[in-house]
Amino acid sequence: MAVFSAQDFADHEQVVFCSDDKSGLKAIIAVHNSNLGPALGGCRMWPYASEEEAVRDVLRLSRGMTYKSAMANLKLGGGKSVVIGNPRSDKTPALLEALARAIDKLNGRYIAAEDSGTSVADIKYMSQFTQHVGGTTDKPSDTGMRSGDPSPATAYGTFVGIKAAVKERLGHDQLNGLKVAIQGMGNVGADLARQLHAAGARLWVADIHPEQTHRTAEEYGATVVPTENIFALDVDVFAPCAMGAVLNDETIPRLKARVVAGAANNQLAESRHGAELARREILYTPDYVINAGGIIDIYHERIGFDRVALIKHIDGIYDNLMEIFARARAEKKPTGEVADTIAEERFRR
Ligand code: NAD
């Protein structure tokens, strides 16, 4: 298979293929860019249908991390790792150890964190064999001590990002009475719902697993709606917090919200969908800008955790978004395109 000429190969600095017979490890580590610092990014375990699919995923995801960290003003580059396998049946201590030892051989050029298919507990286990992991330290939060899980920080950043988008598109700072539809009541979505409720917002929520929505409905007075309707509600903000590619040819014509601002990764099915949202005057809040709270959290864990400094850094998502919105307005360009340009200016500097 072609690598250098592959569509997703975008000047990656290093791509490492790792295997270990004993544990069955088959993993790929990609360092996209390390101009700003070591490449930090999650370790994803997934039963990829083909090796090509795994390569494509790791290349695309590692590149995304470069943009995310640069945009969040972190001294980090972009990297990612993928393990080919089923996390439910193939993830053994031996496999995690082999993965950690492979990461260790890169001497800190790549730092692993949790992602789909790996947990904070897995990364903590790997920390016995390499110091080049992140997101493993327990720390205080406004709901008590929390594990290395970056989700609460991601949810807070998303909350801040929604405020910026509301200011830009609706012209006010008022979350009281704001109507928000949240797709996905997982770790991030549920905590976002908690914060929006506390700020007086009215909530509509959906999840493919109904048990996820019950608590939100009870505690925050949210209205539970079927998953197929959540993006088409007559609300102010649609907050995708579930899966990617949710903004596509089918959903965009049905959107009534004037703002799309949520934590999910890769929300645009294709980049042309960003232009389509702009054409319809729906403000799209670029996903990797608004969902950077988690990586900011992991970064602060590395430099010495200080909660006040962390919150201040995450609050910077507001200013980043305002800069993007202003340039998008002035240059008449989609917000996603402007975000990419700003990130490139930062990491290529
Ligand atoms: P999660 O797995 O805890 O929650 C996702 C929820 O979405 C689950 O409850 C799932 O049942 C639900 N869901 C899946 N498909 C759905 C659908 N079609 N309609 C409605 N609900 C659906 O994940 P999370 O950690 O809360 O992350 C949410 C999103 O944010 C993901 O896209 C993730 O990549 C992104 N993200 C998360 C973090 C983080 O710190 N956790 C950081 C950056 C980005």
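Numbering of ligands and ligand atoms starts at 1, following listing order. Just so we're clear, the structure is a prediction, and the values are computed from it rather than from any experiment.
- Remark: the D315 side chain and the Y156 side chain contain an N/O donor-acceptor pair separated by less than 3.5 Å.
- For atom 2 (O) of ligand 1, no protein heavy-atom neighbour is found at a distance under 4.0 Å.
- Every atom of ligand 1 with a heavy atom of A264 under 4.0 Å away is listed here by number and element: 29 (C), 30 (O), 32 (O), 35 (C).
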Step by step, would you call R169 with E281 a salt bridge (charged side-chain N to carboxylate O under 4.0 Å, His left out)? CA-CA 9 Å; R169 182 46 42 96; E281 298 191 357; 5.8 Å; no

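- Listed here is the closest heavy atom pair of A181 and L233: CB-CD1, 4.1 Å.
- Nearest protein heavy-atom contact of atom 19 (N) of ligand 1 is T227 CG2, 3.7 Å.
- Some N or O of V188 is nearer than 3.5 Å to an N or O of ligand 1, by distance alone.
- Comparing heavy-atom distances from atom 36 (N) of ligand 1 across A263, G293, G184 singles out A263 as nearest.
- Scanning V205, T154, D207 for the heavy atom closest to atom 10 (C) of ligand 1 points to D207.
- On a distance-only criterion, K68 and ligand 1 share no N/O pair closer than 3.5 Å.
- Below 30°, between 30° and 60°, or above 60°: for Y67 and F347 the angle between ring planes is above 60°, a perpendicular geometry.
- Protein heavy atom closest to atom 14 (C) of ligand 1, with residue, atom name and distance, is I208 CD1, 3.6 Å.
- Here the protein heavy atom with the shortest distance to atom 41 (N) of ligand 1 is S151 OG, 3.1 Å.
- Nearest to atom 4 (O) of ligand 1 among the protein's heavy atoms is G186 CA, 3.2 Å.
- Distance check for atom 23 (O) of ligand 1: every protein heavy atom is found at 4.0 Å or beyond.
- Considering only non-hydrogen protein atoms, atom 5 (C) of ligand 1 sits nearest to C241 O, 3.9 Å.
- In terms of polar-atom proximity, defined here as any N/O pair under 3.5 Å, G189 makes no such contact with ligand 1.
- Other residues, nucleotides and ligands contribute more than 12 heavy atoms inside 6.0 Å of the CZ atom of R280.
- Residue E51 places its CD atom among 12 or fewer non-hydrogen atoms of other residues, nucleotides or ligands, all under 6.0 Å distant.
- Looking at atom 33 (C) of ligand 1, its nearest protein heavy atom turns out to be N265 ND2, 4.0 Å.
- Where the criterion is an N or O separation shorter than 3.5 Å, residue side chain and backbone included, N187 meets it with respect to ligand 1.
- Using a cut-off of 4.0 Å between Lys/Arg side-chain N and Asp/Glu carboxylate O, D249 and R272 are scored as salt-bridged.
- Scanning the protein heavy atoms around atom 18 (N) of ligand 1, the nearest turns out to be M243 CE, 3.4 Å.
- For atom 32 (O) of ligand 1, the nearest non-hydrogen atom from the set G244, A153, G42, A242 belongs to A242.
- T335 places no side-chain N or O within donor-acceptor distance of the main-chain N or O of P286, the cut-off being under 3.5 Å.
- In this structure, CG on L283 lies 9.5 Å from CZ on R329, to the nearest 0.5 angstrom.
- Nearest heavy atoms, I317 versus G293: CD1-N, 3.9 Å.
- Side-chain atoms of R346 come within 3.5 Å of backbone atoms of M71 as a donor-acceptor pair (strictly under, hydrogens ignored).
- The ligand atoms of ligand 1 that sit less than 4.0 angstrom from a heavy atom of Q212 are 9 (O).
- Listed here is the closest heavy atom pair of W204 and I230: O-CD1, 3.7 Å.
- For ligand 1, the polar-atom distance check against N291 finds no nitrogen or oxygen pair separated by under 3.5 Å.
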